[in-house]
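Step one of this worksheet: look at the structure below.
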Amino acid sequence: MPVHIFENAAAVAYEVAHHIGAVIKDRTARGLNTVLGLPTGTTPLDVYKELIGMHREEGLDFSKVITFELSEYYPIEPDRLQSYYRFLRENLLDHINVPKDQTHSLPGNLPSAEVDSCCRSYEEAIRAAGGLDLVLLRIGRSGHIGFNEPGSSRSDRTRKVILDSITRKDAASHFFGDEYVPRQGLTVGVGTILDSKEIILMASGEGKASIVRRAVEEPVNEEVTASYLQEHPRSAIYLDRAAAGALTRERTPWLVHDVEWDLPMAKRAIIWLSERVDKAILQLEEADFQNNRLHSLVYAYPEIDELCLHVFDDLRRRICYRNQLPVGERVILFSPHPDDDVISMGGMLDKLVRNQNEVIVAYMTNGSVAVFDADVSRYLGFVEMCLNQLGIIGKAAEICRERKKELLEFLENKSSGMVDLPAVQHIKAAIRYAEAVAGIEVMGLSRKNARFIDLPFYQTGRIKKKPVGEEDERIILDLMKEQMPAHIFVAGDLSDPHGTHRICYFAIQRALECYNRERAVQGPKVWLYRGAWQEWEIHQADVFTPISRAEMARKIEAIFKHESQKDRAMYPGAYDDREFWQRARDRNTGTAEALNRLGLPEFYAAEAFVTGYTL
């Protein structure tokens, strides 16, 4: 199965959109309709944006396009925020000239007794249109395509299915809690997809790397329904480099083809070999290379002991103790959510403060959608009990109590996935911000070190955000102009479930480009950290900062201050049941253990960073 790998998700979207556009143009020129099977979710969003741009700017004609939605929740009303029918209309169909009678969707609001008949009619409509010419797919973390969950067969047709628990957890952010996610869905079957003339599967981000590897490299099996695409004569996978990261051709390319043995590639191979044979780097022998398919590396570097010493020294120099970190400089730590700072780099933050740096923690979004309604109720009750102590008495107190009653009535009566009232959103934001201040106080900072910049793209009250705009970039740019930092710390993990890290990353990128252009001098040093979802691999990291037991205790204490995310976070991710403090501890101790196994100094824990990177 052909796999096309691109540097980033934007490049993937561009290539896929232009391929779809070329298919439409070719078939239209021959007087033929183009029948498309279309997915939903964040993965195809940029493809749809590109197609809309091609329609508006290049005149791409969709009048002879017929579309079929691939899946839908059941039950769900078509006008619900989470409806796939609404998603496709808002993000594609309402912006192009495809006739409405040529668009087809799976109705999620049918009575149960009518579902089977509707699914048969959907199959008939696909056949009447001449079959699917091109199906665009995304892969779920369970390996599903459409809603064809593990256990689906290659002969399945359009039907009602029970959603896998992983799929429901992934969808929880859109429904404001996994308990509100429908337990069933409607989906075009694997058999219908495999009958199509062409199939494109897309994936982006580190979070999809593992399941992509299983779909591409493991034998066809019903536990990963995307693996059925291996049997299709015209299927292809389009990946960004992060999603391709677990593929053998990317992770260990020397096992599948000849490579150019420059020093970075040699370093990767030696770290891999050390881990594989469970020997420290300086204990590796030529036989270890010969016995593990690294003959060509031995040939390229005859003095293999010298090469191992070079790699060992390279890694050793990347270990930075506190006295090697910035001292007395201006630093901005950009935190996408109000807890990413302490979860991801609490150890580094602790050292930066103790080194007397002027640190500003810029919380880019308020994280309000991740606060449970019960927390709002609890804090409203707390405020009411404190009215007298706050000097709020008489008429003012009555107004407060009446307002509390109104808000509680809203919370009690709101439907699942309903957008909160603005007042409730503000209260939830205040909860997250108060926790953020408490967290950095553990590190010796105070409220004056916190900037709640609350970027406009986030302010929808929904998981779906607006595109990054000029106002978002201006806010970041103004902060950098005010602080003129020598260092900025940026979240470099792009796989958080709701995409906020990715959006914040690109907003900073654009603002920094403008900042550097206006000043016409070398900009601040950029440090990329990773958050609660994964860590930099050893060969990727430029800096490792050791963390002692005492420093880890402070880091965990700071994470504990985020009480609304403690014990049961609203969006913990699909695969990992550990709390965020446990993930941070295990990830940091795991990094230290990996360094120790390579023969490097032994630490209790360590955080990893990539530096010298141009955003």
Side-chain angles (χ1 to χ4, degrees), residues 1-8 12 139 143 203-219 221 224 226-227 230 236-302 304-305 307-312 314-315 318 492-495 530 533-542 544 587 590-591 593-600 608 610:
M1 182 162 54
V3 176
H4 306 287
I5 301 172
F6 301 86
E7 283 303 315
N8 52 55
V12 173
I139 185 171
S204 61
E206 302 92 338
K208 294 295 178 70
S210 175
I211 197 64
V212 164
R213 182 197 61 77
R214 293 184 63 192
V216 172
E217 296 187 352
E218 291 184 2
N221 68 94
V224 181
S227 68
Q230 295 178 30
I237 294 186
Y238 287 69
L239 308 171
D240 67 1
R241 199 158 295 282
L247 294 176
T248 302
R249 71 197 75 181
E250 284 289 300
R251 192 171 187 83
T252 52
W254 49 86
L255 296 180
V256 292
H257 59 75
D258 291 335
V259 299
E260 180 183 346
W261 284 116
D262 57 14
L263 286 173
M265 185 66 74
K267 175 182 174 180
R268 285 177 58 185
I270 287 174
I271 292 171
W272 170 81
L273 179 62
S274 174
E275 294 170 342
R276 182 179 177 87
V277 302
D278 195 22
K279 285 184 179 181
I281 288 174
L282 295 183
Q283 293 179 343
L284 293 173
E285 304 172 69
E286 184 172 320
D288 296 318
F289 290 79
Q290 302 285 2
N291 294 334
N292 289 277
R293 299 169 65 182
L294 287 172
H295 309 75
S296 60
L297 179 55
V298 175
Y299 181 78
Y301 294 89
I304 206 68
D305 290 342
L307 178 61
C308 288
L309 180 60
H310 174 85
V311 171
F312 179 84
D314 176 83
L315 288 171
R318 295 172 190 271
D493 57 331
L494 308 182
S495 294
R530 283 191 164 176
W533 314 109
Q534 65 277 132
E535 180 60 283
W536 296 111
E537 295 190 43
I538 299 299
H539 75 270
Q540 295 174 315
D542 295 313
F544 301 99
R587 190 180 66 243
T591 297
E593 289 165 2
L595 293 171
N596 180 44
R597 286 194 299 270
L598 296 175
L600 291 151
V610 168

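- In this structure a side-chain-to-backbone donor-acceptor pair under 3.5 Å is present from Q230 to A215.
- Separation of atoms NE2 (H310) and CD1 (I270) is listed at 9.0 Å; rounding is to 0.5 Å.
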Yes or no on salt bridge (Lys or Arg N to Asp or Glu O under 4.0 Å) for D278 and R597, after CA distance, side-chain angles and deciding distance?
CA-CA 7 Å; D278 195 22; R597 286 194 299 270; 5.6 Å; no

Pair L263-Y301, side chain to side chain contact (heavy atoms under 4.5 Å, CB included): steps then yes or no = CA-CA 10 Å; L263 286 173; Y301 294 89; 3.8 Å; yes

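- In this structure, F544 and I538 have side chains that are in contact, with non-hydrogen atoms separated by less than 4.5 Å.
- The backbone N or O of K279 sits less than 3.5 Å from a side-chain atom of S274, completing a donor-acceptor pair.
- Ring-plane geometry between H4 and Y238 is classed as tilted, the angle between the planes lying from 30 to 60 degrees on a 0 to 90 degree scale.
- Atom CD1 in I281 sits 7.5 Å away from atom CZ in F312 (nearest 0.5 Å).
- Closest of all the heavy-atom pairs between W536 and A608 is CD1-O, 3.4 Å.
- Within the structure, ring-ring contact (aromatic ring centres under 6.0 Å, His included) contacts touching residues 266-289 (residues at least two apart or in different chains) are W254-W272.
- Inter-residue side-chain proximity for V216 and R249 is flagged as met; some heavy-atom pair is nearer than 4.5 Å.
- Put simply, the side chain of P253 reaches to within 4.5 Å of the side chain of M265, judged on heavy atoms.
- When each of I271, L282, V311 is paired with L598, the side chain to side chain contact (heavy atoms under 4.5 Å, CB included) condition holds for I271 and for no other.
- Of the possible polar contacts, none joining the Y299 side chain to the L294 backbone as a donor-acceptor pair under 3.5 Å is found.
- Within the 3.5 Å criterion, the main-chain N or O of T248 finds a donor-acceptor partner in the side chain of E217.
- Rounding to the nearest 0.5 Å places CG of L600 at 11.5 Å from CZ of R318.
- With hydrogens and angles ignored, the 3.5 Å screen pairs no side-chain donor or acceptor of D288 with any backbone N or O of L284.
- Note: E535 CD to T591 OG1 = 4.5 Å, rounded to the nearest 0.5 Å.
- For the atom pair NZ of K267 and SG of C308, the computed distance is 13.5 Å after rounding to the nearest 0.5 Å.
- Side-chain atoms of N8 and R241, non-hydrogen and from C-beta on, never get closer than 4.5 Å to each other.
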Does the side chain to side chain contact (heavy atoms under 4.5 Å, CB included) test come out yes or no for V3 and V212, once each step is laid out?
CA-CA 10 Å; V3 176; V212 164; over 6 Å; no

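- Side-chain N or O atoms of N291 include one that pairs as donor or acceptor with a backbone N or O of A287 at under 3.5 Å.
- Residues L247 and L239 have side chains in contact (heavy-atom distance under 4.5 Å, counting atoms from C-beta outward).
- To the nearest 0.5 Å, the span separating CG on L255 from CZ on R293 amounts to 5.0 Å.
- With a 4.5 Å cut-off on side-chain heavy atoms, N221 and E218 count as touching.
- Of all non-hydrogen atoms in A242 and A209, the two that sit nearest each other are O-CB, 3.7 Å.
- The side-chain heavy atoms of R268 and E537, taken from C-beta on, include no pair separated by under 4.5 Å.
- Taking the side chain as every heavy atom from C-beta outward, L273 and L297 never approach each other to under 4.5 Å.
- Residues A226 and I139 share a closest heavy-atom pair of CB-CD1, 3.6 Å.
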Practice prompt. Please report the C-alpha distance between Q540 and R530 in whole Å, then the side-chain angles of each, then the deciding distance to 0.1 Å, and finally whether the side chain to side chain contact (heavy atoms under 4.5 Å, CB included) criterion is met.
Written response: CA-CA 12 Å; Q540 295 174 315; R530 283 191 164 176; 4.1 Å; yes

